[in-house]
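Below: one structure, written as C-alpha cells.
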Amino acid sequence: MDKYQDMVYAYALRSTKDSEEAEDVTQEVFLKAFESLSKYQGSAKFSTWLYSITKNELIARYQKVRKKQEIQQAKKSILQDEYKRSQEQNAPELGLLKEEMHAQMRNLLAKLPITYKKPLVLYYFENKSYKEIAESMNVKMNTLKSYIFRGKQILKDWLRTDYDEP
C-alpha cells in the first residue's frame, strides 16, 4: 500500500487541486481496491489496476459534484422564476403605490418655496449637475447645496407629519 499511496495521491491532487479532497480520494481508492482485490486478475500491472480505480473514483466524484451544481442551479432558477412571477402579480399594486408617491411628492414640491423647489427639480428630475444648477441660478456651489439640503429637510418633515397623523 505504501508503495502506491503517493502515486494515487499525486493523481488525485492533480485532478482535484485540493489536498483534503485528494486524501479522501486516496482513502476511498484503497478501500475499494481492498474490497475488489479478489477481482484483480493480474492481466495488468497492479499500479495500472489501481490507477483505473482512482480514475473511476475521480469521475464519480466529478459527476456527483456536477449533478449537485445542476440541482442547485435548477433550484435557483425556480426561485428566480417564482420571485419574478410574484413581482409581476404585485406589479399593479406597486404601480399604484408609485403613482401615489409621485403625486404626493409633486404636491409637496409645489408647496416648496421656489428657492428650494427649483434646485430639487433640476437635480432630481432633470438630472442636472450641481455645477449646471449653480450657474443657471447664479448662486455659489455651497449656497446651492444648502438649498437642496434644506429643501429635502422640509420635504422630509412634511412627509413625517403627514404619516404621523392618525
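Under a hydrophobic-cluster definition in which Ile, Leu, Val, Met, Phe, Trp and Tyr are linked whenever side-chain heavy atoms come within less than 4.5 Å, directly or via other members, Ile154 and Val139 are assigned to the same cluster. Side-chain heavy atoms closer than 4.5 Å link hydrophobic residues (I, L, V, M, F, W, Y) into clusters, and following such links, possibly through other members, connects Tyr51 to Leu37. No path of Ile, Leu, Val, Met, Phe, Trp and Tyr side chains, each step under 4.5 Å between heavy atoms, connects Met7 with Tyr9, placing them in separate hydrophobic clusters. No path of Ile, Leu, Val, Met, Phe, Trp and Tyr side chains, each step under 4.5 Å between heavy atoms, connects Leu31 with Leu58, placing them in separate hydrophobic clusters. Hydrophobic cluster membership is shared by Leu120 and Met141, with clusters built from Ile, Leu, Val, Met, Phe, Trp and Tyr side chains linked at under 4.5 angstrom.
Under the ring pair (Phe, Tyr, Trp, His ring centres under 6.0 Å) criterion, Tyr130 pairs with Tyr123, not counting sequence neighbours. Residues forming a side chain to side chain donor-acceptor pair (under 3.5 Å) with Lys152 (at least two apart in sequence, or on another chain): Tyr124. Every residue two or more places apart in sequence or in another chain was checked for a side chain to side chain donor-acceptor pair (under 3.5 Å) with Glu28, and none qualifies.
When the shell of 6.0 Å around CG of Asn107 is examined, it contains more than 12 heavy atoms from other residues, nucleotides or ligands. Environment of CD in Gln41: sparse, with no more than 12 heavy atoms of neighbouring residues, nucleotides or ligands closer than 6.0 Å. By the 6.0 Å contact criterion, CD on Glu20 is open, its count of non-hydrogen atoms from other residues, nucleotides or ligands being 12 or less.
Pairing each heavy atom of Lys117 with each of Leu109, the nearest pair is CD-O, 3.1 Å. When all heavy atoms of Trp49 and Ala33 are compared, the closest pair comes out as CH2-O, 3.5 Å.
Here the OG-CD distance, from Ser77 to Gln80, works out to 6.0 Å after rounding to the nearest 0.5 Å. Expressed to the nearest 0.5 Å, how far CG of Asn138 lies from CD1 of Ile133 amounts to 14.0 Å. Interatomic distance, Thr26 OG1 to Glu21 CD, rounded to the nearest 0.5 Å: 10.0 Å. Atom OG of Ser146 sits about 11.0 Å away from atom CD of Gln153, to the nearest 0.5 Å. Ser136 OG to Glu126 CD: the interatomic distance, rounded to the nearest 0.5 Å, is 9.0 Å.
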Go through Glu57 and Arg61 one step at a time and tell me if the side chain to side chain contact (heavy atoms under 4.5 Å, CB included) criterion holds.
CA-CA 6 Å; Glu57 177 65 20; Arg61 284 177 181 250; 2.8 Å; yes
Given Trp158 and Lys111, is the side chain to side chain contact (heavy atoms under 4.5 Å, CB included) satisfied, shown in steps?
CA-CA 10 Å; Trp158 287 347; Lys111 294 177 184 177; 3.8 Å; yes
Step by step, work out the side chain to side chain contact (heavy atoms under 4.5 Å, CB included) result for Lys140 and Leu144.
CA-CA 6 Å; Lys140 294 182 179 177; Leu144 172 69; over 6 Å; no
Does the side chain to side chain contact (heavy atoms under 4.5 Å, CB included) test come out yes or no for Leu155 and Met105, once each step is laid out?
CA-CA 8 Å; Leu155 289 173; Met105 285 306 294; 3.9 Å; yes
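By the 4.5 Å heavy-atom criterion applied to side chains, Gln72 and Lys76 are not counted as neighbours. No side-chain heavy atom of Lys145 sits less than 4.5 Å from a side-chain heavy atom of Phe149. Within the 4.5 Å cutoff, no side-chain heavy atoms of Gln104 are placed close to those of Glu100.
Pro119 pairs in a side-chain contact (heavy atoms from CB on, under 4.5 Å) with only one of the listed residues (Arg150, Lys128, Met137), which is Met137.
When atom types are taken as modelled, the side chain of Thr16 and the backbone of Ala12 share a donor-acceptor pair closer than 3.5 angstrom. The backbone N or O of Tyr11 sits less than 3.5 Å from a side-chain atom of Ser15, completing a donor-acceptor pair. Panel note: side chain Thr54, backbone Leu50; a donor-acceptor pair is recorded below 3.5 Å. The backbone N or O of Asp24 lies less than 3.5 Å from no partner atom in the side chain of Gln27, so there is not a single donor-acceptor pair. Using a distance-only test at 3.5 Å, with no hydrogens or angles considered, no donor-acceptor pair links the side chain of Ser36 to the main chain of Lys39.
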